[in-house]
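Below, each value reflects all heavy atoms present in this structure, side chains not excepted, and no hydrogens, waters or symmetry copies. First the proteins, then the strands, lettered A, B, ... as listed; each starts at 1.
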Number of protein chains: 2
Amino acid sequence: MSKCEQCIVRQFSSLKHLSKEELLRMSACKTSKTVKKGEVLFEEGEHINGVFCIKEGVCKVSKISENGRNQIISLIQPGNLLGERSLISDEASNLKAVALNDMEVCFIPKDEIVKDLEKNSAFAMGVLKDMAKSLKSADNLVVDMAQKTVKQRLAETLLHLHSKFNTDNEGNINIYLSRDDIANIIGTATESAIRLLSDLKKKKIIEFKGKNITILNKDELEKIANGF
Amino acid sequence: MSKCEQCIVRQFSSLKHLSKEELLRMSACKTSKTVKKGEVLFEEGEHINGVFCIKEGVCKVSKISENGRNQIISLIQPGNLLGERSLISDEASNLKAVALNDMEVCFIPKDEIVKDLEKNSAFAMGVLKDMAKSLKSADNLVVDMAQKTVKQRLAETLLHLHSKFNTDNEGNINIYLSRDDIANIIGTATESAIRLLSDLKKKKIIEFKGKNITILNKDELEKIANGF
DNA sequence: CTAAAAAACTGACAAATATCATATTTTAAG
DNA sequence: CTTAAAATATGATATTTGTCAGTTTTTTAG
């Protein structure tokens, strides 16, 4: 079993504040698993009883609205933790997580995390900072959802995806989402998302072949996102 | 100067985890002030450098979208803290706070809070729980904003306001918001909010005289909020 | 009390978006 | 390779919501 010390999650998450001994204990009680594309990490309403460390792959975190439509709240990348919120509130999860591609994750049981939170104040502050960051982006998302048009939100989403997932310096968006997923991120009907994507393509602002989307004119996309 | 020990904010916020000595120190470095209706507690982009304890009155917390429209994110009641998020991220505030009526608040400087956060893990866990709660409701709000119609959001907002602000057992909503504020909570044009309020009145689901709104048929309002 | 300003309201119309129906293309399974 | 299923795409239309213009009511300042 690999030690947590070298793990990408340790480098990028609040786990970096853990000491060697704490990591060793964590390493001893963690479980690793692979999650195939399309599989569910946890359901809405499920008691997770721990946190997931995302080592490889990406998952979408979503929630079903009372209308029965699915809203994707965020995409979680390698290096991040998942499930902190529910762990801290000591509640069932309010969200569902599904793998977008094949994943490698570790699961750390709740007790272990709570113990460290209480003893290691740097770790607690780290988690607090992560949560504060999530809260800020959630607030921003609320404003966007409430005030921006679907067209603006699509432009903004493409820019977000680009800055989060591009590996080269091109305009390629290196994450492959279905039109349905894109619609569920921006909160619109699938047909509307498709139509607006086609518009952007016609105007040479983006290019795409299937799920492979490339941004051709970033400035223009930014203008659209800001309402011009 | 009043001691923090008996304060309503201590009873209801994470400050309840502070010891007597910690409270005394806090009491010594805090400043009290009154904020008149309509006055600004802090602006978007301002460095707050501390947290506000809300002893009396209500304030609205909002953010201007790129479109120039104002979105109210939440209403803060007596007993709550305000400004924790920015303090923990060590950033300027991303939100603006304005008094909805005359307020009594205390201000606790940042250093004092940070000191206690690092030393008192129960306090840190309390703040963490508050933040987790805020994050959950922000996520829910995102879903509502993205997926619900304006009519649904209005119905839901009226129900929220009622459960948060009713003092008697009647359907009265004991907080007085302008039509503009209501529109800025649900994320719509003022005229749309007015029209939908009038519709609900015509259908005898609510009653209102000016800003004084009463829910007549809660069941029906719940149905509307859930899309029927 | 009165005038001016602000807030609430209403109607007409335009724009954005959802829905439904259907066609085409891509993907997956045998 | 072939066929069925799923995803993507497009058109027509209905619904929702925003915008603008104007009226009425309420609030505020003097």
Side-chain angles (χ1 to χ4, degrees), chain A residues 36-39 60 65-71 98 100-102 144-157 176-203 206-213 224-225 227-228, chain B residues 36-39 60 65-72 98 100-102 144-157 176-202 206-213 224-225 227-228:
Chain A
K36 294 264 174 218
K37 177 177 173 173
E39 282 180 7
K60 53 181 175 182
S65 83
E66 272 107 344
N67 297 10
R69 297 170 70 162
N70 197 31
Q71 179 65 36
V98 177
L100 267 178
N101 40 41
D102 292 352
D144 284 351
M145 289 298 182
Q147 302 284 3
K148 290 192 166 181
T149 65
V150 174
K151 193 188 285 186
Q152 286 180 287
R153 282 182 267 155
L154 173 61
E156 193 162 50
T157 297
Y176 304 107
L177 297 165
S178 69
R179 300 293 187 265
D180 202 46
D181 281 340
I182 293 176
N184 292 342
I185 290 173
I186 67 186
T188 191
T190 309
E191 295 96 323
S192 299
I194 289 173
R195 257 183 261 274
L196 292 171
L197 280 169
S198 297
D199 283 358
L200 291 176
K201 190 182 193 176
K202 251 178 233 153
K203 290 175 186 153
I206 65 171
E207 232 316 283
F208 59 81
K209 192 162 194 310
K211 294 182 174 57
N212 197 336
I213 303 177
I224 293 171
F228 299 105
Chain B
K36 294 265 173 217
K37 177 178 173 173
E39 281 180 6
K60 54 182 174 180
S65 82
E66 271 107 343
N67 297 9
R69 295 169 71 164
N70 197 31
Q71 179 65 37
I72 296 178
V98 177
L100 266 178
N101 41 41
D102 292 352
D144 284 351
M145 289 298 180
Q147 302 284 4
K148 291 193 167 181
T149 64
V150 174
K151 192 188 287 186
Q152 286 180 287
R153 282 181 267 153
L154 173 60
E156 193 160 50
T157 297
Y176 304 106
L177 297 165
S178 69
R179 299 293 188 265
D180 202 46
D181 281 340
I182 293 176
N184 291 343
I185 291 172
I186 66 186
T188 191
T190 309
E191 297 95 323
S192 300
I194 289 173
R195 257 183 263 273
L196 292 171
L197 281 169
S198 298
D199 284 357
L200 291 176
K201 189 182 194 176
K202 250 179 233 153
I206 64 171
E207 233 316 285
F208 58 81
K209 194 160 194 309
K211 295 182 173 57
N212 196 336
I213 302 176
I224 292 171
F228 298 105

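Candidate nucleotides dT19(D), dT17(D), dA18(C) were compared by shortest atom distance to the side chain of Ala189(B), and dT19(D) ranks first.
Side-chain atoms of Gln147(A) come within 3.5 Å of backbone atoms of Asn70(B) as a donor-acceptor pair (strictly under, hydrogens ignored).
With hydrogens and angles ignored, no donor-acceptor pair closer than 3.5 Å exists between the side chain of Glu191(B) and the base of dC9(C). Side-chain N/O atoms of Arg195(A) and base N/O atoms of dG11(D) include a donor-acceptor pair closer than 3.5 Å.
Dense packing is recorded around NZ of Lys201(B), with more than 12 heavy atoms of other residues, nucleotides or ligands lying under 6.0 Å away.
Separating the CZ atom of Phe208(A) from the C1' atom of dT25(C) is a distance of 13 Å, rounded to the nearest angstrom. In this structure, CG of Leu154(A) is placed 12 Å from P of dA18(C), rounded to the nearest angstrom. Ile194(A) has its CD1 atom 16 Å from the P atom of dA6(D), to the nearest Å. Computed from coordinates, the Tyr176(B) OH to dA8(C) P distance equals 15 Å when rounded to whole Å. Following rounding to the nearest Å, Asp199(B) (CG) and dT16(D) (P) show an atom-to-atom distance of 11 Å. With rounding to whole Å, Asp180(A) atom CG is found 18 Å from dT26(C) atom P. One can place NZ of Lys201(B) at 13 Å from P of dA8(C), the figure rounded to the nearest angstrom. We find that CD of Gln152(B) is positioned 14 Å from C1' of dT15(D), with the value rounded to whole Å.
The shortest heavy-atom contact between Arg179(A) and Ala193(A) is O-CB, 4.3 Å. For Leu200(A) against Ile224(A), the heavy-atom pair with the smallest separation is CD2-CD1, 3.8 Å. Residues Asn67(B) and Lys148(A) share a closest heavy-atom pair of ND2-CA, 4.0 Å. In plain terms, the two heavy atoms of Glu156(A) and Asp144(A) that are nearest each other are OE1-OD2, 2.6 Å.
Using a 4.0 Å heavy-atom criterion, one finds that Thr190(A) contacts no nucleic acid atom at all.
Between Arg69(B) and dT19(D), a side-chain N or O to OP1/OP2 separation shorter than 4.0 Å is present. An OP1 or OP2 oxygen of dT10(C) is reached within less than 4.0 angstrom by a side-chain nitrogen or oxygen of Ser198(B). For dT16(D), the OP1/OP2 oxygens have no side-chain nitrogen or oxygen of Ser192(B) closer than 4.0 Å.
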Please produce a list of atom pairs where a protein N or O lies less than 3.5 Å from an N or O of nucleotides 27-30 of chain D.
none

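When the options Asp180(B), Leu154(B), Ile72(B) are evaluated for a side chain to side chain contact (heavy atoms under 4.5 Å, CB included) with Ile185(B), the one that passes is Ile72(B).
Heavy-atom distances to DNA chain D give each of Leu196(B) and Gly210(A) a nearest nucleotide, and the one nearer the 5′ end belongs to Gly210(A). Residue-to-nucleotide proximity on DNA chain C shows that, of Arg153(A) and Ser178(B), the 5′-proximal contact is made by Ser178(B).
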